[in-house]
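Worksheet: one structure, shown below.
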Amino acid sequence: MSCQVDAVFFSDCAARSFFDQVANKWSVMILTVLLEKPTRFNELRRRLEGVTHKALTQALRRLERNGLIVRRVFATSPVAVEYSITELGRTLQVPLGAAFDWAINHLHEIEQAQEAYDLRDER
């Protein structure tokens with residue numbers, strides 16, 4: 001019997017890399033904020049309740065590395081940094097928006113499933 005693995009599960013698969021690099025909560029939230037307007041680091045941090053300085057920095061670097069955002073440094077004192085979404089990043093608006101809408105539309109069902117699971121797990 002041979003074992004066949006779907007190419008999407010290979011460790012060097014581009015789609016797997018995309019999900020690892022981009023499809024996480026902070027990245028999705030950052031892209032959503034940046035769709036509105038270019039935003040400075042501290043404003044992003046204020047808007048994303050619960051994000052740590054380290055987590056925000058790492059997410060911004062991943063997004064920049066993948067070409068989804070650009071970082072602009074202003075030669076002011078102190079130095080100011082602003083992030084904006086790229087055209088490539090904007091192409092994620094529809095699929096990310098669909099995932100957000102799905103989550104909102106099914107929130108009640110998800111909560112019910114979680115409660116049922118937790119009750120079952122307590123036995």
Exercise. Going through the checks in order, is the side-chain contact (heavy atoms from CB on, under 4.5 Å) test met by Leu60 and Arg71?
Worked result: CA-CA 9 Å; Leu60 289 166; Arg71 179 179 184 264; over 6 Å; no

For this session: Go through the steps for Ile104 and Phe100 under the test side-chain contact (heavy atoms from CB on, under 4.5 Å), then give the verdict.
Result: CA-CA 6 Å; Ile104 296 300; Phe100 178 82; 3.7 Å; yes

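Arg45 pairs by the side chain to side chain contact (heavy atoms under 4.5 Å, CB included) definition with Phe41, Val51, His53, Leu56, not counting sequence neighbours. Partners of Leu107 under the side chain to side chain contact (heavy atoms under 4.5 Å, CB included) rule, at least two apart in sequence or in another chain, are Glu111.
Within a 6.0 Å radius of CZ in Phe74, other residues, nucleotides and ligands contribute more than 12 heavy atoms. Counted within 6.0 Å of CD on Gln93, heavy atoms from surrounding residues, nucleotides or ligands total 12 or fewer; the atom is thus considered open.
A side-chain hydrogen bond (donor to acceptor under 3.5 Å, both in side chains) with Gln112 holds for exactly one of Glu109, Glu115, His108; it is His108.
Grouping the Ile, Leu, Val, Met, Phe, Trp and Tyr side chains by contacts below 4.5 angstrom, directly or via other members, places Tyr83 with Val73.
To the nearest 0.5 Å, the span separating CZ on Arg46 from CG on Leu44 amounts to 9.5 Å. Within the model, atoms CZ of Arg61 and CD1 of Ile69 stand 11.0 Å from one another, a figure rounded to the nearest 0.5 Å. One distance of note links CH2 of Trp26 with OG1 of Thr57; it measures 12.5 Å at 0.5 Å rounding.
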List, one per line, each side-chain donor-acceptor pair under 3.5 Å for residues 27-39, sequence neighbours excluded.
from  : atom 1 : to    : atom 2 : distance (Å)
Ser27 : OG     : Asn24 : OD1    : 3.3
Ser27 : OG     : Asn24 : ND2    : 3.3
Thr32 : OG1    : Val28 : O      : 2.8
Glu36 : OE1    : Arg47 : NH1    : 2.9
Glu36 : OE1    : Arg47 : NH2    : 3.3
Glu36 : OE2    : Arg47 : NH2    : 3.2
Lys37 : NZ     : Glu43 : OE1    : 3.3
Lys37 : NZ     : Glu43 : OE2    : 3.0
Thr39 : OG1    : Lys37 : O      : 2.8

